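Below: the structure, in structure tokens.
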Amino acid sequence: MIDETNFYELPYIFVSNLTHMFTHKPLRRFITLGQFIIERQADFPFAKGELSRLLRDIGIAAKLVNREVTKAGLADILGDMGETNVQGEDQKKLDVYANEQFINALRSGGECMAIASEENEDLIDIDSVVSKDAKYVVCMDPLDGSSNIDVNVSIGTIFSIYRRPEHLTGPTSIEDFMQKGVDQVAAGYVIYGSSAMLVYTTGKGVNGFTLDPSIGEFCLSHPDMVMPKDGAIYSINEGNHLHFPEGVKKYVKYCQEIDKETKRPYSSRYIGSLVADFHRNLIKGGIYIYPSTLKSPKGKLRLLYECNPLAFIAEQAGGKASDGFNRILELQPTSLHQRTPLYIGSVNMVDKAEEMMRIYSAETANH
Ligand code: AHM
Ligand code: MG
């Protein structure tokens with residue numbers, strides 16, 4: 001039997017509406033992603049409908065990808081595709097599917113002139129009739145954490161949106177993408193986890209939306225997200241410990257020391273899906289580090305479509321993102337698939353890690 005209180009908590013519009021008809025109690029207001037974007041259009045400095053349409057297109061593709069992710073164990077879409085992407089990594093079938101969905105959605109939406117994707121070596125020029133007046137470029141990692149697909153662990157999509165710089169005219173070129181993270185007009189991620197969530201910013205705070213499968217809409221569930229200034233979780237692949245810079249080794253040791261005041265030792269949590277590790281740290285507080293290692297002297301993660309968008313979100317939520325020495329959002333990109341070390345999360349934790357880097361690894365600063 002459902003008591004009245006629980007009944008009103010049920011997150012379904014139709015239940016709420018039915019209840020209203022019979023009891024005249026106030027309607028619970030559900031704000032869908034589409035409604036929210038329209039309500040917040042005034043926050044966006046450029047033509048009002050453009051960003052709304054871009055975000056709408058991304059939301060549609062995310063729902064299609066989520067549908068496939070949730071049935072990945074059933075459908076014949078698991079396993080290697082037998083191809084490698086531009087970084088020489090094995091591609092999974094879902095990577096390919098996600099890449100196609102996001103490209104198709106952006107291509108038919110009309111606002112995107114070109115895409116840089118982790119899965120494509122060169123930029124994807126969108127040369128269609130509907131896109132002839134398009135002014136935005138999108139960088140994306142369509143399916144991050146793909147090594148986790150086969151084992152039912154959360155994966156994600158990361159995206160970043162830039163407006164074409166005024167001085168560029170003519171056909172799209174790599175120049176359109178060589179903008180610093182501070183120039184992003186919007187960025188976000190989708191996490192395909194126990195529920196699917198879309199989190200984004202346009203530079204006026206961070207808001208999170210959970211997909212309600214019963215109505216097929218992302219609904220506002222995490223308004224004005226704030227990352228705690230301190231946390232008690234550190235996320236790093238400790239298997240690489242011997243290859244870490246000295247500053248990172250010292251910081252990891254600091255995390256493991258006992259100190260009641262700073263709640264150490266911290267917990268170590270590493271999912272191996274950047275979006276999932278970042279999302280947890282955004283909500284609970286924590287730090288994620290992918291440093292330079294002997295194997296990957298510039299780190300593993302990509303500046304344009306992994307680090308910049310998450311750095312924008314982190315800063316907008318009161319957190320911080322650095323390459324160990326410099327603010328991620330101020331790094332000058334020089335190529336589409338450029339890598340950078342990443343230290344991201346609660347501001348006091350990132351400050352401490354940077355301090356260790358300054359003291360013990362200053363000579364490895366290569367930016
Ligand atoms: P991917 O884009 O190929 O999935 O690689 C990025 C992923 C991140 O999601 C994750 O944090 C990291 O690589 C894990 O790398 P490692 O296995 O070296 O720890
Ligand atoms: Mg990735």
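Remember, it's 1-based here, ligands and their atoms both numbered in the order they're listed. Computed from a predicted model, the values in this text were never measured in an experiment. In what follows, every heavy atom counts, from backbone to side chain, and hydrogens, waters and symmetry copies are set aside.
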Of all N, O or S atoms in E306, which has the smallest distance to the Mg ion (ligand 2)?
OE2

Relative to ligand 1, is N237 under 4.0 angstrom through side chain, backbone, both or neither, heavy atoms considered?
side chain

Within 45° of the ring axis of Y360 and under 6.0 Å from its six-membered ring centre, is that where the NZ or CZ of K249 lies?
no

Numbering the atoms of ligand 1 from 1, which are under 4.0 Å from a heavy atom of E118?
1 (P), 2 (O), 3 (O)

Using ring centroids (six-membered ring only for Trp), state whether F159 and Y305 fall under 6.0 Å.
no

If we number the atoms of ligand 1 from 1 as shown, the ones under 4.0 Å from a heavy atom of Y270 are 11 (O), 12 (C), 14 (C), 15 (O), 16 (P), 19 (O)

Which of the numbered atoms in ligand 1 are under 4.0 angstrom from any heavy atom belonging to R302?
1 (P), 2 (O), 3 (O), 5 (O)

Taking E306 for its side chain and L303 for its backbone only, find out whether a donor-acceptor pair lies under 3.5 Å.
no

Distance-only N or O hit between ligand 1 and D141, under 3.5 Å
yes

For S146, the ligand 1 atoms whose distance to one of its heavy atoms is below 4.0 Å
4 (O)

Looking only at N, O or S atoms, find the one in D144 nearest to the Mg ion (ligand 2) and name it.
OD1

For ligand 1, which atoms sit closer than 4.0 Å to a heavy atom of K300?
5 (O), 7 (C), 12 (C), 13 (O), 14 (C), 15 (O), 16 (P), 18 (O)

Atom of D141 nearest the Mg ion (ligand 2) (restricted to N/O/S, atom name only):
OD2

With distance as the sole test, does S296 use its side chain to make a donor-acceptor pair with the main-chain N or O of T293 at under 3.5 Å?
no

Give the ring-plane orientation class for Y266 versus Y254, where under 30° counts as parallel, over 60° as perpendicular and anything between as tilted.
perpendicular

Out of all atoms in ligand 1, which are within 4.0 Å of some heavy atom of E306? Include the element for each.
2 (O), 6 (C)

Testing I155, D144, D141 one by one against V275 for a side chain to side chain contact (heavy atoms under 4.5 Å, CB included), which residue passes?
D144

Can you tell me which portion of I271 lies within the under-4.0 Å heavy-atom range of ligand 1? Options are side chain, backbone, both, or neither.
neither

Can an N or O of L274 be found at a distance shorter than 3.5 Å from an N or O of ligand 1?
yes

Could you tell me, atom by atom, which parts of ligand 1 come under 4.0 Å of a heavy atom of G145?
4 (O), 9 (O)

Looking only at atom types and distance, does a side-chain atom of D277 sit under 3.5 Å from a main-chain N or O of L274, one as donor and one as acceptor?
no

Taking the side chain as every heavy atom from C-beta outward, state whether N120 and I103 have any pair of such atoms under 4.5 Å apart.
yes

